[in-house]
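Shown next, in structure tokens, is the structure this report addresses.
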Amino acid sequence: MIKTQLAAASVVGKVLAGASLTEVLTHLWRADPALSKQEKGAIQDFSYGVLRFYGQLEAILNRLLKKPLHHKNLAHLLLVSLYQLRYSKAQPYAIVDQAVSASRHLAGGKGMQGLVNAVLRNFIRYQESIVVQAAAEDFGRYSHPRWWVDKLRQQYPHHFQAILEASNQRPPMTLRVNQRKIPLADYRKLLAENAIQARWLGSNTLQLEQPLAVELLPGFTKGWVSVQDAGAQLAAPFLDVKDGMRVLDACAAPGGKSMHLLESANVLLTILDNDSSRLEQVRQNLERLQLTAEHLVCGDAAKTSDWWDGRYYDRILADVPCSASGVVRRHPDIKWLRREGDLIKFAKTQQSILNALWQILNKNGKLLYVTCSIFTEENALQIEKFLESHLDACLLPLTEEALDDGQLLPNIQHDGFFYALLQKN
Ligand SMILES: C[S@@+](CC[C@H](N)C(=O)[O-])C[C@H]1O[C@@H](n2cnc3c(N)ncnc32)[C@H](O)[C@@H]1O
């Protein structure tokens, strides 16, 4: 436990200094191959948990300290311990003892045991009132950066609290059953036979009661099923692909939506992404699902002259790079890594990708613009601007009734996405 607390504290420190959580954890697994499955699970739980509730835990810590703590590693260890005390089922005094021992292993941590002990024991003693005090300000209440809360409050005056709360939940695990391989009813029967509880969310979408390792899913290696959020599973049906169409997935990796398109119809699909290592994941997905794309290209969607073969597309999926503010419950580091100014940069990139792709879309063809963002700068405002400057474009209604303005807000069932279906006249 001491080892996992220390490792998680170090992971949190690296993320708060600007690194991506996935990359830090991947690096740690490689650097320490002796870590057991349980240890990895604990490190993952502690670091995701601290980042999910960082605002709250930091506000709690500030209330428990008599003066600011300049020893950053120790502060991160305390955040991990506070997370455990508030959100785990472990025995409180065992957590405190381990944190006290762990602090001895930190450089400069000697002589800090008294402080660690006092802070954590005071939390146990006054937990409920301290948690209430910590919620007095937005940062402690919602565990999101202040600029983020302010922006959501301004853009969604009636929904911002629900959005923030949904973004702090643990995400569900959702499956897409491959209709080319197995009927939905048969797959549901298989899950039941394996004592895996799942709920049907419509179409080929099943949500598991409890997340589990993909290897435990029946037929996963045979391509019968993929893991994909329910909100992301709307893309392929919205794009309305038919056999024989030429389709471009312009920002495709790791390929979740590409695979869904290929499962839906016999299309001639060009898969494009500007990141060659992420394209490797697309290749693996194609292999597992036994699907074939016409072309797999590494290139910049905004520079079509570098890779376009001159044949227009009937359908284009533009799942553009974005703030990822709609998928924070899966990636809680995002909210601490983003800066408000990033939105302008994303919006510029999105605009240049959209403008370039529009030129290679067939007449009467459809382009589906997608982000996993909840900020209007990347979504409704972006499309408004596009329609003003492209008189040959019209916005089509989406088939999902609840999505009349294209903005899917995160909730228990799905992540946050934005969809705009454009047709070329
Ligand atoms: C939101 S992710 C796509 C997720 C994917 N559609 C799926 O469903 O699995 C955005 C992708 O766009 C790629 N990307 C970013 N800028 C790009 C550009 N200028 N041209 C092409 N791909 C780009 C990134 O490498 C990333 O893989």
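All figures in this text were calculated on a predicted structure; none of them were measured in a lab. Counting starts at 1 for both ligands and their atoms, following the listed order.
For residues 186-208, no residue pair satisfies the salt bridge (Lys or Arg N to Asp or Glu O under 4.0 Å) rule, not counting sequence neighbours.
Between the side chains of Asp229 and Thr174, no donor-acceptor pair of N or O atoms lies under 3.5 Å. The closest side-chain donor-acceptor pair between Arg311 and Asn362, if any, does not fall under 3.5 angstrom.
Closer than 4.0 angstrom to ligand 1 by heavy atom are Ala250, Cys251, Ala252, Ala253, Pro254, Gly255, Gly256, Lys257, Asp273, Asn274, Asp275, Arg278, Gly299, Asp300, Ala301, Asp319, Pro321, Ile353, sorted by chain and number.
Aromatic rings of Tyr419 and Tyr369 (six-membered ring for Trp) have centroids beyond the 6.0 Å cut-off, not under it. Between Trp336 and Phe139, the ring center distance clears the sub-6.0 Å criterion. Aromatic ring centres of Tyr142 and Trp148 lie farther apart than the 6.0 Å criterion allows.
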